[in-house]
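Report on the structure given below.
We count ligands from 1, going down the list as the structure has it; atoms in each ligand are counted the same way. We're numbering straight along the sequence, starting at 1.
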Amino acid sequence: MSEILEKIKEKHDKIHDHFHKSKGKLFIISGVSGVGKNTILKELFKDETLHLAYSVSMTTRRMRFDEVNGMNYYFVTKEEFQKAIDNGDLLEYAEFCGNLYGTPKKFVDEKLKSGKNVILEIEVKGALNVMELAPDAISVFILPPSLEELEARLIKRGTESDDVIFQRLKEAKNELRYQEYYDYNVINDNVNQCVEEIKKIIKSGQKQN
Ligand code: 5GP
C-alpha cells in the first residue's frame, strides 16, 4: 500500500475508534416487582467506571413515601402522560398494574451521544419494544431465587397494600415467562454477587455469545 493510502487508512481508523469509544450503550434491566432492582441499581451507580446514566421514567402511579419527584420518577397525571405520547416524547411506554410508565426519549438520546451507558429499568412489554427499536441494546432480566422468597420480600418492603402485593405477585408470574427474550438472566440470591455479574455484563458491552 502506498504511503499516502496508509496515512488515510490510519486517519480513518482513528475516527472510527473515536466514534466507537464516544458512543454509549443502551442497557435494559427488568425484573419482577420486589426482586431488588433498586438496591442493585444503587450499587451499580456507585461504580463510576461504568459511566452510567439512569433514565428517569414518567409514571401516573402515586408517589410512595420514600420517593422523590424527578429522581425516582416524573410523577404526572394521565393527561400529562397522554400529552407526552401525543408529542412523540416517549421512547416506549406500557401499562403496569393499572398505571402508565414511559421512557422520555430526549434524555436517552443525549446521554448515549455523550458516551454514557444508559440504564432503562423497565417492565417486559416496554423492554420488548426497545429490543425491537434498538437491537443493539443489551438486556438483563433479574430473577428472584423463588416465588416464595419474592412474596416475603414484597411483604417486608411494606410499600404496598395487601391487594396491590397480590396483584404484583400475579404480574410477576406472568413476567417471569419473558425471561427467555433477554440476553442475560441473573438470579438475585446474593446482592453482591448479582451486582458483580451485572457489572461484568456492562463492562463487556456484549450480548450473550
Ligand atoms: P414500580 O411501580 O414498582 O416503580 O414499577 C413497576 C414496573 O414498571 C417495574 O417493573 C418497572 O421496571 C416498570 N417501569 C418503570 N419505568 C418504566 C418505563 O419507563 N417503561 C416501562 N415500560 N416500564 C417501566
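- Looking from atom 19 (O) of ligand 1 to the surrounding protein, the closest heavy atom is Ser57 OG, 2.7 Å.
- Ligand 1 has no N or O atom lying under 3.5 Å from any N or O atom of Glu67, backbone or side chain.
- In this structure, the protein non-hydrogen atom closest to atom 3 (O) of ligand 1 is Arg168 NH1, 2.8 Å.
- More than 12 heavy-atom neighbours from other residues, nucleotides or ligands sit within 6.0 angstrom of CZ on Phe81.
- For atom 18 (C) of ligand 1, the candidate residues are Val35, Ile122, Val164, Asn129; the nearest heavy-atom contact is made by Ile122.
- Applying the 4.0 Å criterion to heavy atoms of Arg61 picks out, from ligand 1, the atoms 1 (P), 2 (O), 4 (O).
- Atom CZ of Phe45 sits in a crowded spot, with more than 12 heavy atoms from other residues, nucleotides or ligands closer than 6.0 Å.
- Among all non-hydrogen protein atoms, the one lying nearest atom 10 (O) of ligand 1 is Lys37 NZ, 3.4 Å.
- The aromatic rings of Tyr73 and Phe75 lie perpendicular to each other, with more than 60° between the two planes, well past the 30° mark.
- Using a 4.0 Å cut-off between a side-chain N of Lys or Arg and a carboxylate O of Asp or Glu, Lys200 and Glu197 do not qualify as a salt bridge.
- Proximity of Lys125 to ligand 1, defined as any heavy-atom pair under 4.0 Å, is not found for any part of the residue.
- The protein heavy-atom contact nearest to atom 1 (P) of ligand 1 is Tyr73 OH, 3.5 Å.
- The proximity of Arg64 to ligand 1, defined as any non-hydrogen pair under 4.0 Å, is limited to the side chain.
- For atom 12 (O) of ligand 1, the closest non-hydrogen atom of the protein is Glu121 OE2, 2.3 Å.
- Residue, atom and distance of the protein heavy atom nearest to atom 7 (C) of ligand 1 are Phe96 CD2, 3.7 Å.
- The proximity of Arg62 to ligand 1, defined as any non-hydrogen pair under 4.0 Å, does not occur for either the backbone or the side chain.
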* **Derivation and outcome, salt bridge (Lys or Arg N to Asp or Glu O under 4.0 Å), residues Glu171 and Arg168** => CA-CA 5 Å; Glu171 190 57 44; Arg168 283 181 174 244; over 6 Å; no
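- Checking Ile28, Asp183, Val124, Val35 one by one against Phe141, the side-chain contact (heavy atoms from CB on, under 4.5 Å) holds for a single residue, Val124.
- Here Glu92 has side-chain heavy atoms under 4.0 Å from ligand 1, and that is the only part of it that gets that close.
- Using a 4.0 Å cut-off to heavy atoms of Ala94, the atoms of ligand 1 that qualify are 22 (N).
- Asn117 contributes a side-chain N or O that, together with a main-chain N or O of Leu50, makes up a donor-acceptor pair within less than 3.5 Å.
- Among all protein heavy atoms, the one lying closest to atom 23 (N) of ligand 1 is Glu123 N, 3.1 Å.
- Taking the charged nitrogens against the carboxylate oxygens, Glu196 and Lys199 do have a contact shorter than 4.0 Å, which makes a salt bridge.
- Between the Asn188 side chain and the Cys194 main chain, no donor and acceptor come within less than 3.5 Å of each other.
- Look at Glu160 and Arg64 and you find a salt bridge, because one of the NZ, NE, NH1 or NH2 atoms lies within 4.0 Å of a carboxylate O, short of that distance.
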